[in-house]
Amino acid sequence: MNHINYNHLYYFWHACRAGSIAGAAEALSLTPQTITGQIKTLEDRLQGKLFRRQGRGLVPTELGQLVFRYADRMFMLGQEMLDIVNYRKESHLLLDVGVADALSKQRVSKVLETAVVAEEKIHLRCFESTHEMLLEQLSQHKLDMIISDCSIDPTQQEGLFSVKLGECPISFWSAQPIADCSFPGCLETRPLLIPGRRSMLGRKILNWITTQGLQVEILGEFDDAALMNAFGARQKAIFVAPSLDGCQQEGMYEVGRLDAVSEEYHILFAERMIQHPAVQRLCQADFSALFPYQSTDEKKPA
């Protein structure tokens, strides 16, 4: 076997990722018959079946799984090469950033200010979603970087790096002061708004409530921190937000601060982005003024 037709391999790779011939045909703007024919030619070349049917879809055989692992690395590397070449050619450096929706937008904006400088022409594009969705897009090279409340396990995410920027303490807030009741018992007196339990902070707070033995009424869980704050400001509810130096947001009262719970800020990026000037600035920046309460000694690729 001296040569493989990489077009055939490319069609197989798409079919494997889509889980069906129809899905691959739609992604490639080709007919299903064309995809089927090309994969059959590849199977003849490799002398083995690459797919087997499972319900209405296709799953790779043992040979198909082997071929897919190599094809996936090949085509992902090819995409990385094109991305790097495009960065060098563009008059503006593109930077597609995913932001975990649970994070404080005020602090995220200050992180982004460090990434963008006036003397450099950077075209910034920001997208918001859950950590899990953003990580999937980062792995597929649809994003350049993520700002999230979670780091990554480098043993499970090959080729991805994580740098901790810092962390900030968390407080409970209310639009009205709570008198004659101490913290944390006062949390049982009003409905509570917390970050969604899919977020790291949401899980930390729920665990803290359980360990404190509190019987709280959770009015709502919010994936979007800004929406939770806006909703909480208009309700007779207690909500969660980062602690501020003045211990008071405008028109808001700090009910109590959680010493045991903090909100972490990490940037996640692929290996191809290490030399991007914006990523380098973020990795080397001193964020102690933004996160004054905790050390940031984890500022190195994971």
Side-chain angles (χ1 to χ4, degrees), residues 1-98 123 125-146 152-161 268-276:
M1 186 185 302
N2 296 322
H3 177 70
I4 291 179
N5 188 310
Y6 289 103
N7 283 333
H8 299 166
L9 188 63
Y10 187 64
Y11 298 152
F12 159 75
W13 180 63
H14 268 281
C16 204
R17 295 178 71 191
S20 68
I21 298 297
E26 182 178 357
L28 296 168
S29 300
L30 297 171
T31 65
Q33 293 79 8
T34 299
I35 300 292
T36 301
Q38 299 297 309
I39 292 177
K40 179 62 170 63
T41 303
L42 180 61
E43 289 178 330
D44 292 342
R45 185 62 174 155
L46 298 176
Q47 300 178 357
K49 289 290 185 181
L50 296 173
F51 286 114
R52 60 180 177 84
R53 290 214 162 268
Q54 187 176 76
R56 294 186 176 181
L58 294 175
V59 294
T61 62
E62 185 174 347
L63 174 62
Q65 293 176 25
L66 174 67
V67 174
F68 176 78
R69 285 197 296 271
Y70 280 96
D72 194 49
R73 291 166 63 186
M74 289 168 52
F75 293 122
M76 286 299 187
L77 283 172
Q79 185 61 55
E80 283 189 18
M81 178 193 69
L82 290 175
D83 287 342
I84 292 172
V85 170
N86 288 335
Y87 286 136
R88 295 171 64 92
K89 286 183 177 179
E90 291 284 346
S91 59
H92 288 69
L93 285 173
L94 292 175
L95 185 64
D96 289 338
V97 180
H123 186 149
R125 297 188 295 193
C126 292
F127 309 89
E128 191 176 23
S129 188
T130 63
H131 170 83
E132 292 75 17
M133 290 294 294
L134 294 174
L135 188 59
E136 180 181 352
Q137 292 181 315
L138 182 66
S139 301
Q140 296 173 356
H141 304 282
K142 295 179 180 178
L143 290 173
D144 298 324
M145 185 183 77
I146 297 174
I152 55 172
D153 183 351
T155 63
Q156 301 296 322
Q157 300 288 340
E158 184 179 359
L160 298 183
F161 294 92
L268 285 59
F269 52 92
E271 186 176 7
R272 64 188 170 87
M273 294 300 297
I274 289 178
Q275 298 304 318
H276 194 290

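Counting from 1, the numbers follow the sequence of the chain as shown. Given the structure is predicted, the values throughout are model-derived calculations rather than measurements.
Here the side chain of S139 pairs a donor or acceptor atom with the backbone of L135 at under 3.5 angstrom. The backbone N or O of A25 sits nowhere less than 3.5 Å from a side-chain atom of S29 that would complete a donor-acceptor pair.
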Let me see the working for V97 and I146 under side-chain contact (heavy atoms from CB on, under 4.5 Å), right down to the final yes or no.
-> CA-CA 6 Å; V97 180; I146 297 174; over 6 Å; no
Intermediate values then yes/no, side-chain contact (heavy atoms from CB on, under 4.5 Å), R17 and F68 | CA-CA 9 Å; R17 295 178 71 191; F68 176 78; 3.6 Å; yes
For L42 and I4, what are the C-alpha separation, side-chain angles and deciding distance, and is it a side-chain contact (heavy atoms from CB on, under 4.5 Å)?
-> CA-CA 8 Å; L42 180 61; I4 291 179; 4.1 Å; yes
Could you walk me through whether F51 and T61 pass the side-chain contact (heavy atoms from CB on, under 4.5 Å) check?
-> CA-CA 5 Å; F51 286 114; T61 62; 5.5 Å; no
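You'll find the ring centres of H8 and F12 outside the 6.0 Å limit.
Remark: I21 CD1 to Q38 CD distance equals 11.0 Å, nearest 0.5 Å. Considering CG of L46 and CG of L66, their distance stands at 9.5 Å, rounded to 0.5 Å. To the nearest 0.5 Å, the span separating CD on Q65 from CG on D72 amounts to 13.0 Å. Note: K142 NZ to E136 CD = 7.0 Å, rounded to the nearest 0.5 Å. To the nearest 0.5 Å, the span separating CZ on R45 from CG on N5 amounts to 10.0 Å. Summarising the geometry, atom CD belonging to E43 is positioned 8.5 Å from atom CG belonging to L63; distances are rounded to the nearest 0.5 Å.
Other residues, nucleotides and ligands place no more than 12 heavy atoms under 6.0 Å from the CD atom of E62. At most 12 non-hydrogen atoms from other residues, nucleotides or ligands lie less than 6.0 angstrom from CE of M133.
Side-chain contact check for L9 versus V67: some heavy-atom pair is nearer than 4.5 Å. At a threshold of 4.5 Å between non-hydrogen side-chain atoms, the residues F127 and L143 count as touching. The side-chain heavy atoms of L58 and S20, taken from C-beta on, include no pair separated by under 4.5 Å. You'll find the side chain of F269 stays beyond 4.5 Å of the side chain of L160, heavy atoms only. Using a 4.5 Å cut-off on side-chain heavy atoms (C-beta onward), L28 and I35 make contact. L95 has its side chain out of reach of H123: every pair of non-hydrogen atoms, C-beta onward, lies at least 4.5 Å apart. When side chains are defined from C-beta on, E128 does not count as touching L134, because their heavy atoms never get closer than 4.5 Å.
Nearest heavy-atom pair across A24 and A18 is N-CB, 3.7 Å.
Here the options are Y70, F75, Y6, the test is ring pair (Phe, Tyr, Trp, His ring centres under 6.0 Å), and the partner is W13; only F75 passes.
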